[in-house]
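Contents: one structure, followed by commentary.
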Amino acid sequence: MSLLNVTNLAVAHGPLQALWDISLKIEPGERIGLLGANGAGKSTTLGAIVGYYPTMGGRIEFDGCDITSDPVPSRLARGIGLVPEGRRLFTDMSVRENLEMGAYLAQPRKQLAQSLAQVYAMFPVLQTKSAQAAGTLSGGQQQMVAIGRALMSRPRCLLLDEPFIGVAPIIVQEVMAALRDIAQQGITILLVEQNTHRALEFVDRAYVIENGRSVLEGTRDQLLNDKSFGAKFLGLD
Ligand code: ATP
């Protein structure tokens with residue numbers, strides 16, 4: 001059974017329809033990319049999956065259950081975690097407080113100490129800076145906090161919205177290694193990434209979104225060998 005099954009999803013922001021027809025099917029443990037130009041609807045797709053935006057049409061199933069109309073906390077409780085675009089940290093609060101916010105639901109709260117130790121093991125710099133205000137950290141370290149906070153809810157499926165924006169090149173590889181580690185723990189990953197080359201380094205498969213529609217899907221190799229995909233997204237002639 002698929003872990004996440006989105007069919008014919010349609011979403012509007014007020015009068016503006018952002019998604020017209022998005023379908024994605026993700027198996028447990030897969031690493032999936034969501035690619036497309038600015039404004040194509042990638043962030044809206046992640047937001048709709050986690051429940052931030054009501055749907056106009058279509059269906060979202062997680063682990064075989066229809067969650068299309070479920071409130072955000074119940075989706076989090078089922079195991080959907082989001083690392084939002086722009087990180088959205090509480091910049092005046094400490095690193096540790098930000099991480100603890102990720103474990104506010106009843107079940108994750110019981111495992112808070114264990115989860116915190118796991119996040120610190122993954123990102124040792126966060127332990128060093130645990131009492132510091134999150135806003136004083138570098139872009140890359142703030143991204144580590146955002147990823148760590150999402151892990152604190154012990155997700156089965158992690159949605160990441162452009163986690164490399166504002167991250168210094170030298171730190172990108174460190175964050176990428178953490179994502180590989182997370183995937184190796186069996187957590188399913190759906191990654192929105194502007195840099196197609198970078199995304200294809202990491203994912204098994206990807207979907208391409210254009211104007212609110214999922215228009216192409218393929219494994220990394222299928223996409224790398226697709227001429228029109230290459231011309232549009234990889235700068236190849
Ligand atoms: P980007 O890489 O620029 O974030 P994206 O592919 O993630 O692009 P979305 O952010 O999902 O695309 O945007 C899809 C469309 O919906 C765009 O036209 C955008 O302006 C609009 N939009 C997104 N969020 C909102 C919002 N909260 N209110 C109004 N319009 C929005």
Side-chain angles (χ1 to χ4, degrees), residues 4-26 31-60 62 67-73 75-76 80-90 139-140 142-143 146-147 149-150 155 157-169 172 175-176 179 188-203 205-218 223 226 228-235:
L4 180 65
N5 194 359
V6 174
T7 24
N8 308 120
L9 182 66
V11 172
H13 296 294
L16 181 96
Q17 188 160 352
L19 304 185
W20 296 82
D21 189 7
I22 301 280
S23 296
L24 320 164
K25 207 168 180 183
I26 303 180
R31 312 171 183 192
I32 300 296
L34 203 51
L35 310 174
N38 278 333
K42 305 180 297 295
S43 300
T44 303
T45 300
L46 296 193
I49 293 170
V50 83
Y52 290 161
Y53 309 123
T55 54
M56 292 169 66
R59 186 178 166 92
I60 305 171
F62 189 73
I67 59 161
T68 317
S69 307
D70 287 3
V72 176
R75 300 187 202 209
L76 299 181
I80 300 176
L82 174 68
V83 180
E85 190 172 20
R87 307 187 281 263
R88 315 259 163 171
L89 300 182
F90 301 94
Q142 290 192 25
Q143 192 62 61
I147 294 170
R149 180 180 57 186
C157 180
L158 189 61
L159 317 177
L160 295 130
D161 200 345
E162 310 218 16
F164 300 106
I165 284 193
V167 176
V172 165
V175 173
M176 189 63 105
L179 296 189
T188 305
I189 293 189
L190 179 57
L191 172 71
V192 166
E193 174 56 45
Q194 278 290 331
N195 182 328
T196 307
H197 289 279
R198 186 184 289 151
L200 292 180
E201 265 177 43
F202 176 74
V203 302
R205 232 165 24 94
Y207 289 85
V208 176
I209 295 187
E210 270 177 21
N211 301 318
R213 294 173 177 85
S214 40
V215 294
L216 181 67
E217 174 269 332
L223 293 174
D226 183 312
S228 79
F229 176 85
K232 254 191 200 156
F233 292 103
L234 298 169

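In each ligand, atom 1 is the first atom listed, and ligand 1 is the first ligand listed. As a basis for the values below, the full set of heavy atoms in this structure was taken, side chains included, without hydrogen atoms, waters or symmetry mates.
- Residues Ile80 and Pro155 have side chains not in contact (no heavy-atom distance under 4.5 Å, counting atoms from C-beta outward).
- Scanning the protein heavy atoms around atom 4 (O) of ligand 1, the nearest turns out to be Glu85 OE2, 3.2 Å.
- A cation-pi geometry, defined here as NZ or CZ lying under 6.0 Å from the six-membered ring centre and within 45° of its normal, holds between Arg198 and Phe164.
- For atom 10 (O) of ligand 1, the closest non-hydrogen atom of the protein is Ser43 CB, 3.6 Å.
- Smallest separation of non-hydrogen atoms from Ala150 and Leu82: CB-O, 3.8 Å.
- Every residue meeting the side chain to side chain contact (heavy atoms under 4.5 Å, CB included) condition with Ala40, not counting sequence neighbours, appears here in chain and number order: Ile209.
- By the criterion of a heavy-atom distance under 4.0 Å, the side chain of His13, and not its backbone, is placed next to ligand 1.
- For Gly47, the closest heavy-atom approach to ligand 1 does not fall below 4.0 Å.
- Here atom 15 (C) of ligand 1 lies nearest to Ala18 when heavy atoms of Gly212, Ala18, Gly36 are compared.
- The protein heavy-atom contact nearest to atom 20 (O) of ligand 1 is Leu16 CD2, 4.6 Å.
- Residue, atom and distance of the protein heavy atom nearest to atom 13 (O) of ligand 1 are Thr44 OG1, 3.8 Å.
- Geometrically, ligand 1 and Glu162 share a nitrogen or oxygen pair separated by less than 3.5 Å.
- Contact annotation for Thr45 and ligand 1: no heavy atom of the residue comes within less than 4.0 Å of the ligand.
- Nearest protein heavy-atom contact of atom 8 (O) of ligand 1 is Gly39 N, 2.7 Å.
- The protein non-hydrogen atom at the shortest distance from atom 12 (O) of ligand 1 is Gly41 N, 3.1 Å.
- Interatomic distance, Leu179 CG to Glu201 CD, rounded to the nearest 0.5 Å: 11.5 Å.
- Looking from atom 5 (P) of ligand 1 to the surrounding protein, the closest heavy atom is Lys42 N, 3.4 Å.
- Looking at heavy atoms from C-beta onward, Arg149 lies in side-chain contact with Phe90 at the 4.5 angstrom threshold.
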